Each structure stands twice: as structure tokens, then as C-alpha cells.
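Quick caveat, the model's predicted, so the values are computed rather than measured.
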Amino acid sequence: MMLTGEVTGMASARPFALSIIIPALNEAARIERTLDCLQAMRRRGSQVILVDGNSTDGTAAVAAPLVDCVVTATPGRASQMRAGLSAARHAAIWFLHADTLAPRNADVAIRTALQEETAGWGRFDVRLDGRRPVFRLVERLMNWRSCLTGICTGDQGIFVLGELLDRAGGMPDLPLMEDIELSKRLRRLSAPCCLSEVIVTSSRRWETRGIVRTILLMWALRAAYALGGDPQRLARLYR
């Protein structure tokens, strides 16, 4: 992965531009809100890449005026993010879900972290957009767990220096748990920077499948993966 930018290993020379990679599949109803939050960042020099997984609802057409590049890839977050990396032109990468709303100064927070911290990667605190009180507990546990374990999820908006991502072997080519595997690889190189700034992600997965059921399913899948479970089989169970 060839990326441009002023990266020399000295904190003062770390990058001032981001390539924001957003995998999307049939997100036409939501993607405009996600991209609206990123327009100020584009004006400050960041690059926004929408990676469409062959959507059938016109997602790419809705997104095109609001991004710098639309890439088409095989459906699947890992394969889409890997495709997005091929179009990235900056030395810092931010993986953002298509149903997540970012604060308009998120790029500033990332740049500050990458300049002032030694980690080289990190994530945001996440808030779920559902109003039920149980979601406040879920999001707090997610944020606390990732700081404690150094394992971050895609919902938390993982960002990383391209050079560190290369050292970690790039984006894992997995049908599920790519964020967990990426965190494990990056954690071997440095602990993540856990930003207290909040990004807001959709709670639709919990609301559609049931909150308790979804939590138990994800715990079970992560435990199975940690014990060597086949990612292909786990992906079928997840779906």
C-alpha cells in the first residue's frame, strides 16, 4: 500500500491529512447524513472514499457528489476496506461505517492523537442512536472494554497510520471479525489511543435482532474466534 504524506517517525512530522474509507451496501437512505458530517474535513484536505459493495438501491449515485472517490468491490466489509486502501492517498487511514455520524472536527482529534501520541492507531468512544436506557449501558461497556483490552470494533471508527497498518500486515481478509483481528495485530505493535470524542452509530442491529440476543451472539462469536473458530462458519452464524 503506497501512501503519501509527511511521516518520518517523529511526532512533530506526523500526517495532517486523512483518507476516510467507508464501506457501504444498500445504504442510500443513510449515506448522505454520514457524508454530510465529513464535508468540512474534505475542505481541510481529507479524502473521502466510498467503497460500494454492488448496492442495488443507488447508494453510489447518492454518495458520488459528496466523496472524492467511489470504488466498487465484492460485498463484505473487509474486502471493501481493502479495496478502499488501494485508492487512499494520505498517510493516515480512518475506517468509518456507513451508518455512523462523526463530529465535524473528528479529523482534528485524529491528527492530534497521531501527532502527540506514540500509538499510531486508535478509536473513538461510540454512542448508539437508540433512546432506550439499555443502550447507554451497552455503549459504556463497549468503550470500557476496548480501552481495557486494546481490542476495538469497527463501530468505534478505527484510525491508523498507513505505515503501521503495513507493518501489521494490512487489513485482514476475513468475512467476519476483521476489526478484531486488525486490533490484535496492531495491539502487538502498540496500545490504541482511546479518544473520548464520540461518534454516533446506528442501533438498528440491536433493535432488529433483539438487544440481549445480539449481545450474546457477538460474545459467542468472539469467543469462538478467539478459540480458533472458522471465520467463514462464524460469518454464516452472524448472518
Side-chain angles (χ1 to χ4, degrees), residues 14 18-23 34 51 76-82 84-85 88 92-103 106-107 109-114 116-129 135-203 205-206 214-215 217-226 231 234-235 238:
R14 286 194 169 185
L18 294 170
S19 287
I20 306 170
I21 297 174
I22 306 171
T34 295
V51 189
R77 279 208 176 107
S79 61
Q80 288 175 246
M81 289 188 287
R82 286 164 63 89
L85 285 169
I93 307 297
W94 185 20
F95 298 108
L96 189 67
H97 283 183
D99 60 359
T100 298
L101 305 180
D107 58 333
I110 292 173
R111 292 164 187 168
T112 299
L114 294 180
E116 296 182 355
E117 302 288 341
T118 59
W121 73 290
R123 58 74 168 161
F124 288 81
D125 272 359
V126 69
R127 181 164 64 83
L128 301 171
D129 65 4
F135 287 130
R136 307 291 77 82
L137 175 62
V138 171
E139 64 202 24
R140 288 174 185 172
L141 289 174
M142 289 172 63
N143 296 329
W144 174 79
R145 184 201 66 233
S146 70
C147 281
L148 181 66
T149 64
I151 299 295
C152 309
T153 66
D155 290 328
Q156 294 171 307
I158 297 173
F159 56 87
V160 60
L161 288 172
E163 60 178 356
L164 192 69
L165 182 59
D166 285 340
R167 287 172 56 197
M171 174 58 64
D173 188 11
L174 297 174
L176 189 70
M177 301 292 172
E178 78 289 336
D179 49 358
I180 304 301
E181 180 61 28
L182 177 61
S183 293
K184 289 170 61 177
R185 295 181 186 182
L186 291 171
R187 186 181 60 180
R188 296 188 189 110
L189 302 174
S190 69
C193 176
C194 296
L195 298 183
S196 59
E197 286 87 352
V198 173
I199 59 176
V200 180
T201 196
S202 172
S203 60
R205 181 177 62 192
W206 285 270
T214 299
I215 292 172
L217 174 63
M218 294 310 300
W219 282 356
L221 292 175
R222 286 171 186 160
Y225 181 70
L234 297 180
Y238 175 74

Could you measure the distance from the [atom1] atom of [X] to the [atom2] atom of [Y]? Nearest 0.5 Å is fine.
| X | Y | atom1 | atom2 | result |
| --- | --- | --- | --- | --- |
| R82 | L174 | CZ | CG | 9.0 Å |
| D179 | I151 | CG | CD1 | 9.0 Å |
| R123 | T153 | CZ | OG1 | 8.5 Å |
| L164 | W121 | CG | CH2 | 9.0 Å |
| W144 | T149 | CH2 | OG1 | 9.0 Å |
| R188 | S183 | CZ | OG | 11.0 Å |

What are the two closest non-hydrogen atoms of [X] and [Y], and how far apart are they?
| X | Y | answer |
| --- | --- | --- |
| P192 | A119 | C-CB, 4.2 Å |
| L186 | A168 | CD2-CB, 3.7 Å |
| I110 | L18 | CG2-CD2, 3.6 Å |
| I180 | C152 | CD1-O, 4.2 Å |
| L195 | A113 | CD2-CB, 4.0 Å |
| A98 | I22 | CA-CG2, 3.7 Å |

message = When you compare the side chain of I21 with that of L85, does any pair of heavy atoms fall below 4.5 Å?
response =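 SC-SC contact between L85 and I21 confirmed.
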ask   = With a 4.5 Å limit on heavy-atom distance, are the side chains of L176 and R77 in contact?
value =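 Answer no - side chains too far apart.
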request  = Step by step, work out the side chain to side chain contact (heavy atoms under 4.5 Å, CB included) result for M171 and F95.
outcome  = CA-CA 11 Å; M171 174 58 64; F95 298 108; 3.7 Å; yes
ask   = In terms of the angle between their ring planes, are F124 and F159 parallel, tilted or perpendicular, with boundaries placed at 30° and 60°?
value =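 Plane angle over 60°, so perpendicular.
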Passing candidate, side chain to side chain contact (heavy atoms under 4.5 Å, CB included) with E139, options D125, V200, L128 =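 Exactly one option meets the side chain to side chain contact (heavy atoms under 4.5 Å, CB included) with E139, and it is L128.
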key: Q80 side chain vs G76 backbone, donor-acceptor pair below 3.5 Å   =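 Yes: the side chain of Q80 pairs with the backbone of G76.
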query = Would you say the side-chain atoms of T100 pair up with the backbone N or O of T201, donor to acceptor, closer than 3.5 Å?
reply =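 Not a single qualifying donor-acceptor pair exists.
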message = Could you check whether R205 pairs with D155 (Lys NZ or Arg NE/NH1/NH2 to Asp/Glu carboxylate O, under 4.0 Å)?
response =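 Yes, R205 and D155 are salt-bridged.
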inquiry  = Do the side chains of R185 and E181 get close enough for a salt bridge, i.e. N-O under 4.0 angstrom?
reply    =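 E181 and R185: salt-bridged.
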request  = Dump the intermediate steps for side chain to side chain contact (heavy atoms under 4.5 Å, CB included) on V160 and W94, then the final yes or no.
outcome  = CA-CA 7 Å; V160 60; W94 185 20; over 6 Å; no
task = Begin with the C-alpha distance, continue with both residues' side-chain angles, and end with the deciding distance and a verdict on side chain to side chain contact (heavy atoms under 4.5 Å, CB included) for L101 and D129.
result = CA-CA 10 Å; L101 305 180; D129 65 4; over 6 Å; no
request  = Mark yes when over 12 heavy atoms from residues, nucleotides or ligands other than R140 sit less than 6.0 Å from its CZ; otherwise mark no.
outcome  =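 It does not: R140 CZ has 12 such atoms or fewer within range.
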